[in-house]
Amino acid sequence: MTSTSKLTALAALSLMIVAAPAYAATDADTNNKSSYEQKDNGGYVAQQKSESTDQAGTTRESNTTKKLSVDSNGNTTKTVDTKSSTDPKGLFNKTSVETKDKAEQKNGATTYTHKKTVDGKTTEDSTEQQQTP
């Protein structure tokens, strides 16, 4: 083996050793689940859950529930509830975010509500009503 081919082989080996940890760090253990249930009145309930842990030990979880309810008069209520958390490896550093959105359509008027809670403290809370023409 010539010195040039040895140098080339050594450079290729060095590149593999340097690049391998970067590729390994992008791998994450992921678990996803979803469900959907149709209701007799035209409504539904859909749920999605996701959980992943990266190589650094950070765990991320997300749960989303979507509901559509329809009453006998055709009035609808749509809700989307989302809970997510990020927990880096270590103690007392978990963060969580919870959002609740609701659109209620009744007698020609629609009421929208939104609430966001970060680490147990409400950061957004609003209600708006619109009359349908």
Side-chain angles (χ1 to χ4, degrees):
M1 192 182 247
T2 67
S3 64
T4 306
S5 60
K6 287 181 184 179
L7 188 58
T8 304
L10 184 58
L13 181 59
S14 298
L15 181 60
M16 288 178 14
I17 291 171
V18 170
Y23 288 116
T26 61
D27 289 337
D29 182 24
T30 303
N31 186 12
N32 295 313
K33 294 180 182 178
S34 61
S35 65
Y36 180 86
E37 180 183 349
Q38 184 73 39
K39 300 293 184 177
D40 291 338
N41 63 359
Y44 64 86
V45 175
Q47 295 180 320
Q48 184 173 9
K49 181 177 182 176
S50 176
E51 182 178 325
S52 67
T53 304
D54 64 18
Q55 292 291 0
T58 299
T59 301
R60 290 175 178 81
E61 295 181 11
S62 177
N63 296 311
T64 302
T65 302
K66 298 176 184 178
K67 295 180 185 178
L68 172 64
S69 301
V70 182
D71 69 12
S72 60
N73 295 324
N75 299 316
T76 61
T77 302
K78 300 173 189 174
T79 60
V80 178
D81 296 335
T82 302
K83 295 179 184 179
S84 62
S85 65
T86 302
D87 190 6
K89 193 172 187 177
L91 298 175
F92 305 112
N93 55 359
K94 183 176 182 177
T95 59
S96 62
V97 177
E98 184 174 350
T99 59
K100 296 180 180 241
D101 294 299
K102 183 177 181 180
E104 194 170 20
Q105 189 173 28
K106 185 174 183 178
N107 300 327
T110 305
T111 304
Y112 299 97
T113 58
H114 170 76
K115 185 174 184 177
K116 181 176 182 179
T117 306
V118 178
D119 294 332
K121 296 179 182 177
T122 301
T123 58
E124 299 172 13
D125 194 358
S126 63
T127 301
E128 180 182 329
Q129 187 167 3
Q130 294 179 350
Q131 190 67 34
T132 306

- [ ] Start with the C-alpha gap between Asp81 and Thr99, add the side-chain angles, then the distance that decides, and say whether side chain to side chain contact (heavy atoms under 4.5 Å, CB included) holds.
- [x] CA-CA 6 Å; Asp81 296 335; Thr99 59; over 6 Å; no
- [ ] Quick one: do Gln47 and Asn63 satisfy side chain to side chain contact (heavy atoms under 4.5 Å, CB included)? Show the steps, please.
- [x] CA-CA 7 Å; Gln47 295 180 320; Asn63 296 311; over 6 Å; no
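Within the model, atoms CD of Glu61 and OG of Ser50 stand 9.0 Å from one another, a figure rounded to the nearest 0.5 Å. To the nearest 0.5 Å, atom OG1 of residue Thr123 and atom CD of residue Glu98 are 11.0 Å apart. Considering OG of Ser52 and CG of Asn31, their distance stands at 9.5 Å, rounded to 0.5 Å. Distance OG/Ser85 to CD/Glu51: 8.5 Å, rounded to 0.5 Å. Remark: Asp87 CG to Lys89 NZ distance equals 11.5 Å, nearest 0.5 Å.
A search for side chain to side chain contact (heavy atoms under 4.5 Å, CB included) contacts involving Thr86 returns Thr58, Arg60, Pro88, Thr95, not counting sequence neighbours. Residues forming a side-chain hydrogen bond (donor to acceptor under 3.5 Å, both in side chains) with Gln130 (at least two apart in sequence, or on another chain): Glu128. Remark: Gln48 pairs with no residue by the side-chain hydrogen bond (donor to acceptor under 3.5 Å, both in side chains) rule, at least two apart or across chains.
When each of Lys100, Lys102, Glu104 is tested with Thr79 by the rule side-chain contact (heavy atoms from CB on, under 4.5 Å), just one qualifies, namely Lys102.
When hydrophobic residues (I, L, V, M, F, W, Y) are linked wherever their side-chain heavy atoms come within less than 4.5 Å, the members clustered with Leu91 are Phe92.
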Could you tabulate the donor-acceptor pairs under 3.5 Å formed by side-chain atoms of residues 65-73, not counting sequence neighbours?
residue, atom, partner, partner atom, Å
Asp71, OD1, Asn73, N, 2.9
Asp71, OD1, Gly74, N, 3.0
Asp71, OD1, Asn75, N, 2.9
Asp71, OD2, Asn75, ND2, 3.2

Donor-acceptor pairs under 3.5 angstrom involving side-chain atoms of residues 106-115: please list them, not counting sequence neighbours.
residue, atom, partner, partner atom, Å
His114, ND1, Asp101, OD1, 2.4
His114, NE2, Glu124, OE1, 2.6

